[in-house]
Amino acid sequence: TITAMEDLLETIEDNDKGGKPTHIFGPRNQVTNFSRLSGTPYVQNGDPNDKGQHLISTSFAGRPFIGLPDFTNTVIAMLDMRPGHFMMKVHRPWSVKDMGPSGDSDVMQLSYACIPICKQPKFQGKLTGVTA
């Protein structure tokens with residue numbers, strides 16, 4: 001996984017001189033696997049009673065590695081999230097649905113739906129079939 005991530009980062013930066021991924025996204029299990037494999041500075045130097053803290057601020061090559069709970073299990077994406085590289089298409093604006101009173105407070109459901117649209121595909125990349 002680590003070698004593949006290094007190769008992807010080099011490929012994105014080689015495709016275009018402007019390519020510089022700022023964030024890495026993946027499923028929670030891949031963030032955990034990466035943290036275990038990479039031996040982050042916290043794992044190496046942290047308090048022996050608190051080794052799980054490395055999962056809070058996992059990073060690769062100075063970029064945050066963010067775990068998304070519903071992300072596809074075998075995909076890791078490197079994205080350039082600088083302004084102008086993505087736009088959001090709103091499918092459903094913010095709405096508030098009253099769910100009825102519950103105890104001493106009202107319960108409401110907040111809902112929103114949008115899709116990020118990539119405007120600079122050469123600046124992005126993904127690893128598929130990641131198993132380590």
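Bear in mind the structure is a predicted one, so any value in this text is a computation, not a measurement.
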To the nearest 0.5 Å, what is the distance between NZ (Lys20) and CG (Leu9)? 7.5 Å
Give me the atom names and distance for the closest heavy-atom approach of Ile12 to Phe123. CG2-O, 3.5 Å
What are the two closest non-hydrogen atoms of Cys114 and Met88, and how far apart are they? SG-CE, 3.2 Å
Same hydrophobic cluster for Trp94 and Val90, using side-chain heavy-atom links shorter than 4.5 Å among ILVMFWY? yes
Does Ser111 form a side-chain hydrogen bond (donor to acceptor under 3.5 Å, both in side chains) with Arg92? I'd like the steps, not just the answer. CA-CA 8 Å; Ser111 179; Arg92 187 177 64 248; 2.7 Å; yes
Contact between Leu110 and Val96 at the side-chain level, heavy atoms closer than 4.5 Å - yes or no? yes
Apply the test side-chain contact (heavy atoms from CB on, under 4.5 Å) to residues Phe25 and Val75: give CA-CA distance (whole Å), side-chain angles for both, the deciding distance (0.1 Å), then the verdict. CA-CA 9 Å; Phe25 296 96; Val75 173; over 6 Å; no
When you measure from the side chain of Arg82 to the backbone N and O of Asp80, does any donor-acceptor pair fall under 3.5 Å? no
Apply side-chain contact (heavy atoms from CB on, under 4.5 Å) to Phe86 and Cys118, showing your working. CA-CA 5 Å; Phe86 280 88; Cys118 180; 3.7 Å; yes
Interatomic spacing from NZ in Lys97 to CD in Gln109 - rounded to 0.5 Å: 5.5 Å
Distance from Gln124 atom CD to Leu79 atom CG, nearest 0.5 Å? 5.0 Å
Any chance you could measure Ile115, atom CD1, to Met87, atom CE, to the nearest 0.5 Å? 10.5 Å
Looking at CD1 of Ile24 and CD of Gln30, how far apart are the two atoms once the value is rounded to the nearest 0.5 Å? 12.0 Å
Nearest atoms (heavy-atom pairs only) where Gly19 meets Glu13: O-CG, 3.3 Å
Measuring from Ile66:CD1 to His23:NE2, what's the distance to the nearest 0.5 Å? 4.5 Å
